[in-house]
Amino acid sequence: AWDYEKRRKFANTLDNLLAVDGPTNMSKGDDDPAAWRPRKDFQCSYAKRWIRVKHEWNLGADKSEINALGEMLDYCT
């Protein structure tokens, strides 16, 4: 339901973007954390970034996404 300007701003906010190699990017596609996870040593920081972006942009999350993020946060030390 976002207008063009808000979609453009979201897509171009550098803090929302994460550079990864081609194979990793291809395997993730547009999946959320319930459908795709990075390797275990990166899951904590990935989950924290995902939650921050969701919070800053007032985006919702379904139960499976929330559960997956909780599991990833278990890798935080």
Side-chain angles (χ1 to χ4, degrees):
W2 289 355
D3 63 23
Y4 171 80
E5 185 56 31
K6 187 168 183 176
R7 288 192 314 269
R8 188 192 65 74
K9 185 175 180 184
F10 179 81
N12 290 291
T13 299
L14 294 179
D15 288 344
N16 297 346
L17 303 174
L18 180 64
V20 297
D21 62 48
T24 301
N25 189 49
M26 293 296 292
S27 72
K28 183 190 179 310
D30 62 355
D31 290 333
D32 72 7
W36 181 89
R37 296 179 189 200
R39 60 183 192 272
K40 287 185 180 181
D41 59 336
F42 192 63
Q43 288 186 19
C44 175
S45 59
Y46 177 81
K48 287 179 177 181
R49 175 187 288 263
W50 189 276
I51 292 166
R52 178 188 51 77
V53 171
K54 288 279 194 163
H55 176 75
E56 287 176 0
W57 291 88
N58 196 32
L59 298 168
D62 63 25
K63 187 171 180 77
S64 63
E65 183 180 348
I66 292 167
N67 290 341
L69 289 165
E71 291 171 6
M72 284 190 243
L73 289 174
D74 288 342
Y75 290 107
C76 298
T77 55

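Atom set for the values below is all heavy atoms of this structure, side chains included, hydrogens, waters and symmetry mates excluded.
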- Task: Would you check, one step at a time, whether the test side chain to side chain contact (heavy atoms under 4.5 Å, CB included) holds for Lys9 with Trp57?
- Result: CA-CA 11 Å; Lys9 185 175 180 184; Trp57 291 88; 3.9 Å; yes
- Message: Evaluate Ile51 against Lys54 for side chain to side chain contact (heavy atoms under 4.5 Å, CB included), listing each step before the verdict.
- Response: CA-CA 5 Å; Ile51 292 166; Lys54 288 279 194 163; 5.6 Å; no
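Legend: residues meeting salt bridge (Lys or Arg N to Asp or Glu O under 4.0 Å) with Lys48, ordered by chain and number and at least two apart, are absent.
Side-chain atoms of Gln43 come within 3.5 Å of backbone atoms of Pro38 as a donor-acceptor pair (strictly under, hydrogens ignored). Using modelled atom types, no side-chain atom of Arg37 and backbone atom of Leu69 make a donor-acceptor pair closer than 3.5 Å.
Across Trp50 and Asp31, no two heavy atoms sit closer than the pair CH2-O, 4.2 Å. Minimum heavy-atom separation, Cys44 to Leu73: O-CD2, 4.4 Å. When all heavy atoms of Pro33 and Met72 are compared, the closest pair comes out as CB-CE, 3.3 Å.
Applying the under-4.5 Å side-chain rule to Ile, Leu, Val, Met, Phe, Trp and Tyr, the cluster around Ile66 consists of that residue alone.
With a 4.5 Å cut-off on side-chain heavy atoms, Leu59 and Phe10 count as touching.
Ring orientation note: the planes of Tyr46 and Trp36 are nearly perpendicular, at an angle over 60° on the 30°/60° scale.
No side-chain N or O of Asp15 forms a donor-acceptor pair with one of Thr13 less than 3.5 Å apart.
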